[in-house]
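Please read all numbers here as calculations on a predicted model, not as lab measurements. Here is the naming used below: chain letters follow the sequence lines, and residue numbers restart at 1 for every chain.
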Amino acid sequence: MSSSSRVHHFKLVLLGDTAVGKSCLVVRFVRDEFFEFQEPTIGAAFLTQTVQLDDSTVKFEIWDTAGQERYRSLAPMYYRGAAAAIVVYDITNPDSFTGAKSWVKELQRRGDPNVVIALAGNKADLDSRRKVEFEEANAYAEENGILHLETSAKNANNVKSLFVEIAGKLPKNPPQQEREAFPLMPAQQESRSCC
Amino acid sequence: MDGHQQVPTFAVLPPPAHQQQAQQQQHYAMQAAPPPTPQPQPLQHKYSSTAWNLARKAHLDNRMLTTKTTDVETEDGRISNVEAAEKIKDAWMYKQIRARRDEFTHYRQAMLFIGSWNVNAKGKEESLDSWICADWGPNGEYAPDLVAVGFQEIVDLNAVNVAVDNKTQQRSQFWVERLMATLNSPHNTRNDPNRQYFLLQQKSMVGLLVCVFCKAPHKDRVRYINSTAVGVGVMGMLGNKGGVAVRVQFYDSTLCFLCTHLAAHRENVTGRNQDFANVFNKSLFEIGEEATREAIYSGSMSHWEIGATSVNVIDHDLIFWLGDLNYRIDESMPTDKVLEYAETGKFAEMRKLDQLNVERAHGRAFEGFEEGVIQFPPTYKYQPGTDGYDKRPEKKLRAPAWCDRILWMALEPAHVQQLTYNRSEQPNVSDHKAVYSTMKITIKDVVRPKRAAIHNELMKLLDRFENQTLPMVGLDRVNLDFGEIHYDRSKSMPIQITNTGNVVAKYRFVPKLDENTLCKPWIKVEPPYGLIIPGDQPATINVTITVDRHTAQLLNQGREVLDDILILRLENGRDYYITIKAAYARSCFGMSVDELVMYSDPIRNVPLDPIKRAEKYDPNPSNALCVPKELWRLIDAIFEKGLQEPDLFVDPGDPEDVKKIRECLDTGAPFGQYKTLSYAEALLEFFSSLSIPIVPPTLFPTLEIDSQNIQSSARRFLEELPPVHYNVLLYVISFFREALVYRERNRLTAAKLARICSNHMAPPSSGMDDSTAAQRRSGMQLIMVHLLETNSI
């Protein structure tokens with residue numbers, strides 16, 4: 001199975017309006033739990049989770065950000081340098097979809113140029129209260145060349161797939177540069193003299 | 001089958017032992033070829049798996065975990081090596097996965113045929129059927145899945161052949177083709193492609209050749225085929241003696257076949273033991289990292305070998321050792337006795353004195369290997385072309401010996417079951433008879449999705465621990481609303497921080513992205529960093545906010561608001577946000593006189609928000625006051641209290657009084673009983689706090705002031721003052737002149753007052769260089785003195 005067990009580390013950030021279920025998605029993915037009344041994230045929560053692909057291992061370092069509007073200006077701190085971003089909206093809340101689009105736009109403008117973006121329509125279990133049509137979001141995602149899935153942190157639907165799909169899209173070759181956080185070797189300063 | 005690849009049919013296993021018993025007796029007889037029906041033999045399990053494990057362990061002990069990167073010492077003196085840590089983790093994972101191998105492994109049974117023959121440089125067209133196909137059954141129903149055949153002396157071991165090795169390739173080709181022809185004869189294949197064999201690999205060195213064949217249906221399940229040769233002959237390296245070996249991964253088991261020719265001569269047991277050890281230790285297969293990883297995964301290689309690109313003999317599930325090992329019957333048995341026993345089938349006596357059996361029993365060679373009990377006559381030394389031992393008078397009489405042997409070593413002893421161990425009477429062109437053995441081997445077939453699921457589960461477990469060891473704290477509040485905050489009156493709120501995690505929590509406040517201060521300047525956090533041990537009492541972080549002159553000015557100008565977010569960061573952990581909020585209780589301090597004259601209401605009632613303010617007040621300059629009412633109230637209060645107070649404007653007042661006076665000014669409340677000096681200090685502070693000074697630095701005289709130009713300079717200065725500033729200045733100067741009337745009592749002088757005016761009403765500008773600025777300020781001071789001393793302005 002794994003011809004190479006090299007673990008690839010990637011920073012992943014969750015963005016999106018308040019109460020769309022960012023933390024719930026992370027808790028479902030990492031601990032396989034769900035809390036109906038997840039407290040709002042005041043700050044940025046950090047967790048790690050490994051995903052095994054057919055041919056490699058991907059370790060996500062996940063930053064789950066605060067969705068409340070007043071913290072919005074702090075988000076760049078977390079999406080800066082992120083290899084992947086999950087932009088979450090609530091399928092029962094059209095405003096959150098508008099918000100998601102503005103997050104995508106912000107990422108495209110100010111994020112890493114190669115950032116892998118996934119748009120996640122969460123709370124898919126509340127289909128009867130749906131206000132954002134799958135097709136609409138999907139068309140938007142296709143237009144922007146980003147992943148799109150509808151997820152349910154509550155019933156775990158598509159949560160793992162979401163992360164696995166992202167892991168699959170992340171570049172593993174050539175080997176990524178050693179991340180700053182784990183310096184293995186002191187950076188060699190090559191001095192070239194010219195005459 | 002869990003989406004698993006379809007498994008080809010394996011060789012049909014022979015009928016159980018009891019059906020064969022009738023023929024067993026015949027089998028021992030030294031007659032024509034034994035019946036081709038395989039029969040189980042009791043195995044000599046002398047070498048337990050414990051012994052085997054010991055052998056393997058000796059091989060692995062004290063192996064260093066090698067990494068491509070070197071250890072890095074961080075600034076805090078910690079030494080780390082991410083690669084090593086990763087390898088250790090991998091090793092742990094592999095170990096766990098192996099421990100659960102039964103959950104994802106199908107164990108399948110396959111038939112393996114092994115043959116060995118010292119051909120004595122002979123060989124033409126004689127049939128190999130009775131040897132190679134000995135155990136195939138009447139209709140080939142037991143045809144094996146794998147065939148491994150070893151030859152010795154395919155060329156004469158003369159000096160030329162040993163040194164040049166030029167005939168070997170041609171002779172190897174000859175033997176491989178003959179084996180192929182035998183295996184794939186029309187009789188055997190019967191036009192069924194599934195009965196075809198194909199060559200996996202051949203390897204030769206001088207007289208040695210080993211070749212491994214596989215039956216067609218398994219073709220896709222053989223991987224990482226590799227071979228090697230080790231010479232231990234002349235000078236310890238030439239190929240007249242030594243070994244050739246082929247290794248493969250068959251399904252998910254690793255198999256190694258070694259064909260060796262060890263040192264000759266009856267007395268040279270030590271030489272043979274050494275040759276064995278050398279071949280065993282020196283055989284190395286460069287199979288690459290992917291293949292070693294497979295071997296580690298499937299369990300035949302230590303999990304500490306991660307990253308290795310080569311495997312040793314020991315790193316295989318199943319090791320088969322065949323060849324002319326050259327061990328004889330111990331010399332304590334005379335040659336004629338050996339001959340007699342050999343010819344009459346008294347093998348038990350001979351087995352006791354068989355050198356290989358003796359050496360193995362003493363652990364001096366082939367430790368951990370197993371061999372079936374030999375029930376066939378010695379295979380050496382025959383008169384070529386006959387079925388009799390070579391007793392020709394012109395030749396040296398040699399004691400018959402079991403030179404030709406087949407041994408094995410299995411990681412799981414139960415995974416090899418020897419069904420036959422025999423010799424073939426035909427062909428008889430060599431001075432050796434060929435030997436063979438059919439074995440039922442158990443091989444592993446991994447259901448990869450199941451193994452991946454276990455892998456995943458283990459990773460999740462590790463992640464869980466990792467996440468549990470992230471630092472965590474609890475904060476009793478993250479929203480700090482300070483309510484009303486007054487000018488120059490600090491307010492503090494504590495935050496209780498508790499370590500709720502399992503590890504030491506190191507916290508610090510960090511600036512926001514692209515900023516270089518922790519927070520806005522009116523906030524002070526104490527302590528800004530700290531460490532809390534799990535289970536410790538909560539620590540207190542005090543957040544203090546103060547609106548000083550500068551902040552008040554910014555607030556009044558609408559360039560600042562009293563809210564901010566602090567970021568509390570845990571080392572190696574998450575961030576917490578603390579929101580700070582306060583409402584500024586407006587003060588006349590920190591405003592400008594131009595603004596103050598616009599409002600006759602107490603300034604506290606004038607909203608900061610320009611829109612709300614506009615709703616309430618009509619900024620009509622014609623309704624403006626002459627001087628700010630706050631100034632008038634202060635001066636009036638001092639005047640009322642009397643200007644005779646000693647050291648007026650020089651000694652400080654009571655700080656509490658000053659705060660209260662300021663509050664009265666801001667709210668319009670009447671003054672209480674305060675000291676004169678407190679009013680005086682409030683007055684001077686009021687001037688200092690103004691966002692635009694009464695005397696802006698731009699109006700400082702540019703000429704050097706002397707008695708000639710002082711009057712004109714003073715006039716020009718007054719003319720240039722903005723109207724409200726002019727009013728204020730004249731009002732203050734008049735008041736100070738009045739104060740000078742009482743100079744005997746209050747000890748004031750014009751120079752003193754001029755300096756006070758200059759300090760509080762004419763602060764230095766920041767833009768000019770020091771000497772010029774000082775000169776212009778002293779000029780300003782001279783003008784002040786002039787104004788204070790002149791009766792008419």
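- Within residues 75-113 of chain A, the residues that have a heavy atom under 4.5 Å from a heavy atom of chain B are A:P76, A:M77, A:Y78, A:R80, listed by number.
- With chain A as partner, the option from B:E466, B:R569, B:R464, B:K512 having the largest number of non-hydrogen pairs under 4.5 angstrom is B:E466.
- For B:E560, the side chain to side chain donor-acceptor pair (under 3.5 Å) partners at least two apart in sequence or on another chain are B:K520, B:W522.
- With a 4.5 angstrom heavy-atom cutoff, A:V30 touches chain B via backbone and side-chain atoms both.
- The local environment of NZ in B:K581 is sparse, with at most 12 non-hydrogen atoms from other residues, nucleotides or ligands closer than 6.0 Å.
- The pair A:E150-A:K123 does not meet the salt-bridge criterion, since no charged nitrogen lies less than 4.0 angstrom from a carboxylate oxygen.
- With a 4.5 Å cut-off on non-hydrogen atoms, B:P471 does not touch chain A at all.
- Under a 3.5 Å cut-off, the side chain of A:K59 and the backbone N or O of B:D463 do not form any donor-acceptor pair.
- With salt bridges taken as basic N to acidic carboxylate O contacts below 4.0 Å, one links B:R448 and B:E294.
- Of the listed residues B:L462, B:D514, B:L475, the one with more heavy-atom pairs under 4.5 angstrom with chain A than any other is B:D514.
- Using a 4.0 Å cut-off between charged side-chain N and carboxylate O, A:K169 and A:E165 make no salt bridge.
- Using a 4.5 Å cut-off between heavy atoms, B:K89 touches chain A through its side chain atoms alone.
- The aromatic rings of A:F10 and A:H8 sit parallel, their planes meeting at an angle under 30°, below the 60° perpendicular limit.
- Between chain A and the options B:L568, B:L570, B:I565, B:V478, heavy-atom pairs under 4.5 Å are most frequent for B:I565.
- In summary, B:E103 and B:R100 engage in a salt bridge, as defined by a charged side-chain N under 4.0 Å from a carboxylate O.
- A:D125 and A:S152 form a side-chain donor-acceptor contact under 3.5 Å, judged by distance and modelled atom types alone.
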